[in-house]
Amino acid sequence: MPDGSSVNAHALWDSVAYRWDSEFQKEIVKTDPQYKAFGASLMDEISVEFLENEGYNVDFEAASNVTNFEEVLQVWMDESNELAVETYERVPLDSTIDEDTLDWVEQKSKERVVLGGYRLAAYFDGLFSETNFPALEDPITREERRNIMRQRRLNRKRSRQQ
């Protein structure tokens, strides 16, 4: 690390997310507007065009074709392997990780999170395209959830009284 301490590459990737944004470190609730804003800002920062220019495979249509998913998965694994090799080339064993390398790892981790989100969404689109699942609605608000829980408690209380 920049302070001269050692770290393995796996720990490096795991720890760099804490550099993204202090809000990211808080407990994340999917209905939290800050969480949605964080995701949107990350997607604005790392566009599909940017990912493509960086050499990533952005053939999301292929990811939605679940019949050839093993081939698609192999492409993704090869891509991850290339990134691992590049990381180890940047950080030789028993070396100090400088600030430039941490910045590079931070950027790459953001790219991988956004890319993974797009790929996962495309896969699920393909997986569920032939189903009759109803469309998902926006999550209910806390107030609506409280009202539902109150009504359930009242109904249980009424049924016990009868």
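Side-chain atoms are counted along with the backbone in the values below, which use heavy atoms only and exclude waters and symmetry mates.
Here the side chains of T101 and D98 are in contact, with some heavy-atom distance below 4.5 Å. Contact annotation: the side chain of Y123 never approaches that of L73 to less than 4.5 Å [non-hydrogen atoms, C-beta and beyond]. Counting only heavy atoms from C-beta outward, the side chains of R119 and F124 never approach each other to under 4.5 Å.
Here OG1 of T87 is found 11.5 Å from CD of E82. Values are rounded to the nearest 0.5 Å. Atoms CG and CG, on L127 and L120 in that order, are 10.0 Å from each other to the nearest 0.5 Å. N81 CG to Q74 CD: the interatomic distance, rounded to the nearest 0.5 Å, is 9.5 Å. How far CD of E45 is from CZ of F50: 8.0 Å, rounded to the nearest 0.5 Å. To the nearest 0.5 Å, atoms CG (L42) and OG (S47) are separated by 11.5 Å. Taken to the nearest 0.5 Å, the CG atom of L115 stands 11.5 Å off from the CD atom of E54.
Of the listed residues (I46, D44, V48), just one forms a side chain to side chain contact (heavy atoms under 4.5 Å, CB included) with V114, and that residue is I46.
Looking at S80, its side chain does come within 3.5 Å of a backbone N or O of W76 through a donor-acceptor pair.
With hydrogens and angles left out, the side-chain atoms of E79 and Y56 include no donor and acceptor closer than 3.5 Å. Residues E49 and N53 have side chains that never bring a donor and an acceptor to within less than 3.5 angstrom of each other. Between the side chains of Q107 and E111, at least one donor-acceptor pair of N or O atoms lies under 3.5 Å.
Residue E71 qualifies as open at atom CD: its count of foreign heavy atoms under 6.0 Å is 12 or below.
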request  = Decide side-chain contact (heavy atoms from CB on, under 4.5 Å) for D125 and F60; before the verdict, give the C-alpha distance in whole Å, the side-chain angles of both, and the deciding distance to 0.1 Å.
outcome  = CA-CA 10 Å; D125 282 349; F60 303 128; over 6 Å; no
request  = Could you check E106 against K110 for side-chain contact (heavy atoms from CB on, under 4.5 Å), going step by step and ending with a plain yes or no?
outcome  = CA-CA 6 Å; E106 178 183 359; K110 287 179 180 181; 3.8 Å; yes
